[in-house]
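Have a look at the structure below before the remarks.
Values reported hereafter were calculated over all heavy atoms of this structure, with side chains retained and with hydrogens, waters and symmetry mates removed. It should be emphasised that the depicted structure is a prediction, and the values quoted were computed from it without experimental measurement. Numbering of residues begins at 1 and proceeds along the displayed sequence.
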Amino acid sequence: MHIITDAPRQTNSWQQQLQELITDPAELARLLKLPPGSFSQAANEGFGLRLPRAMLSKIEPGNPDDPILRQFLPVARELDAVPGFHRDPLAEEEANPVPGLIHKYHGRVLMMAAGHCAVNCRYCFRRHFSYTENRLTGQNFRAILDYIASDHSITEVILSGGDPLTVSNRQLQEWLHGFEGIGHLQRLRIHTRLPVVIPERLDHDFVELLVSTRLQSVLVLHANHPRELDQPLAQALAGLKQANVTLLNQAVLLKGINDQAETLIELSEALFAMGVLPYYLHLLDRVAGAADFWVPDAEARLLHQALLTALPGYLVPKLVREIAHLSSKSWVN
């Protein structure tokens, strides 16, 4: 079974790789020798392409249906209005008490640490989110600290975005210092896709930040397909494993990408080989523009049952969906 790839990759710094992203669909089509009509410039104008160049080695040239490429390539179907798919499917605008902060669930809050990612996933539930209004200024961060300090039920802060690892280690250190001053905070959770596409981001200074904080640290990756995992990522995660950082993965069930039992089984085994525990398998959030990725509930249940049959329980991610205004994620069983 193929677990991790050993494809050669560039060795530029993670900062340089972020500066050299592919943002023009025409350039991507040319580099991958895609047939005419494979992408939509209009869809790109609404939600722009962002893809690190190292990801090209994981995509089959000439195949617009490649499961890695489909996650990032803007296509015309995104422009179709589909009933039941909305701009804010999780009603996050209603759970935004302070600019830059989302508070939906008891005991934890989510901070919008960045307004952009290294990659723009076409199914992203925040593709329409107002990052401008939630920009994390110094004043907004102080208001966030005051909000957390005033609520002793909050024991965990989640860094999300956008991708929190697009910011510098120095900025992360400043935020950590602020969180550590709040006595009832116990855990730091970081939700990030960046190490999957630019493993170099998990550098020594970042690992040291998590080693030195008093907060118990959890890093939640986002990988949907086993071909996203490679040897550089495994090597980058090794330092976090040695630092006793809890490593989890969230995947989204996506039509045409990972809606086969064999793919999901291979993903779980590949993750665990790297020391990452499969955590959630999300049903797609019904965000406008992403209907093409929808997998019906009945099919999702059958796939999850296949995982339960084929894998030990600790390798089976929880099949969940998020429903606006509920107090937790909902298990689909």
Closest non-hydrogen atom pair between Ile144 and Pro99, with its separation: CD1-O, 3.7 Å
Under 3.5 Å donor-acceptor, Asn258 side chain and His225 backbone: no
CG-CD1 distance between Asn134 and Ile102, expressed to the nearest 0.5 angstrom: 6.0 Å
Any donor-acceptor pair under 3.5 Å from His304 side chain to Pro317 backbone: yes
Residues Glu228, Arg193: salt bridge by 4.0 Å N-O rule: yes
Spacing of Leu202 atom CG and Leu219 atom CG [to the nearest 0.5 Å]: 6.5 Å
4.5 Å side-chain heavy-atom contact, Lys104 and Glu322: yes
Heavy-atom side-chain contact between Leu172 and Leu159 under 4.5 Å: yes
Partners passing salt bridge (charged side-chain N to carboxylate O under 4.0 Å, His left out) against Arg187 (at least two apart in sequence or in another chain): Glu156
Hydrophobic cluster identity match, Leu308 and Leu283, side-chain contacts under 4.5 Å: yes
Partners meeting ring-ring contact (aromatic ring centres under 6.0 Å, His included) with His184 (sequence neighbours left out): His152
Gap between atom NZ of Lys329 and atom CD1 of Ile323 - 0.5 Å precision: 11.5 Å
From Arg126, Glu133, Arg127, residue fulfilling side-chain contact (heavy atoms from CB on, under 4.5 Å) relative to Phe129: Arg126
Heavy-atom pair with the smallest gap, counting every atom of Val75 and Ser38: CG1-O, 3.6 Å
For Pro278 against Leu315, the heavy-atom pair lying closest together: CG-O, 3.7 Å
Asp151 and Val109, any side-chain heavy atoms less than 4.5 Å apart: no
Joint hydrophobic cluster, Val119 plus Leu31, side-chain heavy atoms closer than 4.5 Å: yes
Parallel, tilted or perpendicular, as decided by the 30° and 60° cut-offs, for the rings of Phe85 and Trp294: perpendicular
What pairs of donor and acceptor atoms, side-chain ones from residues 233-249 against any protein atom, are under 3.5 angstrom apart with sequence neighbours left out?
{"from": "Asn249", "atom 1": "OD1", "to": "Ala223", "atom 2": "N", "distance (Å)": "2.9"}
{"from": "Asn249", "atom 1": "ND2", "to": "Ala223", "atom 2": "O", "distance (Å)": "3.1"}

Over all atoms of both residues, closest heavy-atom pair of Thr213 and Leu176: OG1-CD2, 4.1 Å
Residue pair Ile22, Leu56: steps toward the side-chain contact (heavy atoms from CB on, under 4.5 Å) verdict: CA-CA 10 Å; Ile22 300 170; Leu56 293 175; 3.9 Å; yes
Exam field: side chain Asn44 to backbone Asp24, donor-acceptor pair closer than 3.5 Å: no
More than 12 heavy atoms of other groups within 6.0 Å of Arg170 CZ: no
Distance (rounded to the nearest 0.5 Å) between Cys124 SG and Phe72 CZ: 11.5 Å
Same cluster (ILVMFWY, side-chain, under 4.5 Å), Val82 and Val287: no
Derivation of the side-chain contact (heavy atoms from CB on, under 4.5 Å) call for Trp175 and Val157: CA-CA 11 Å; Trp175 290 338; Val157 62; over 6 Å; no
Min side-chain heavy-atom separation Val220-Tyr279 under 4.5 Å: yes
Close side-chain approach of Leu73 and Leu49, heavy atoms under 4.5 Å: no
Between CG on residue Asn224 and CD on residue Gln250, distance to nearest 0.5 Å: 10.5 Å
Pairing residues for Asp88 by the salt bridge (charged side-chain N to carboxylate O under 4.0 Å, His left out) criterion, not counting sequence neighbours: none
Distance in Å, Glu262 CD paired with Leu303 CG, rounded so as to fall on 0.5 Å steps: 9.0 Å
Note, Ile265 side chain near Leu307 side chain (heavy atom, < 4.5 Å): yes
Side-chain (Arg50) to main-chain (Cys117) donor-acceptor, under 3.5 angstrom: yes
Side-chain touch Lys255/Glu299, heavy atoms, less than 4.5 angstrom: no
ILVMFWY cluster, Leu185 and Val211 together (side-chain gap under 4.5 Å): yes
Residue pairs, two or more places apart or on separate chains, that pass ring-ring contact (aromatic ring centres under 6.0 Å, His included) and touch residues 90-118: His103-Tyr147
Minimum side-chain heavy-atom gap Leu319-Trp331 below 4.5 Å: no
Arg122 to Phe293 six-membered ring, cation-pi geometry met (6.0 Å, 45°): no
Under 3.5 Å: donor-acceptor pair, side chain of Arg227, backbone of Lys58: yes
More than 12 heavy atoms from other groups under 6.0 Å of CZ on Arg301: yes
Flag, side chain of Asn96 to backbone of Leu101, donor-acceptor distance under 3.5 Å: yes
Distance-minimising heavy-atom pair for Phe125 and Pro89: O-CD, 4.1 Å
Residue from Glu92, Glu94, Glu93 passing side-chain contact (heavy atoms from CB on, under 4.5 Å) with Leu90: Glu92
Sub-6.0 Å ring centroid separation between Phe179 and Phe141: yes
Which atom of Leu229 lies closest to which atom of Ala270, heavy atoms considered: CD1-CB, 3.5 Å
Co-membership, hydrophobic cluster, residues Val196 and Val207, 4.5 Å side-chain: yes
Under the ring-ring contact (aromatic ring centres under 6.0 Å, His included) test, residues paired with His222 that sit two or more places apart: Tyr123
Exam field: side chain Asn140 to backbone Gly100, donor-acceptor pair closer than 3.5 Å: no
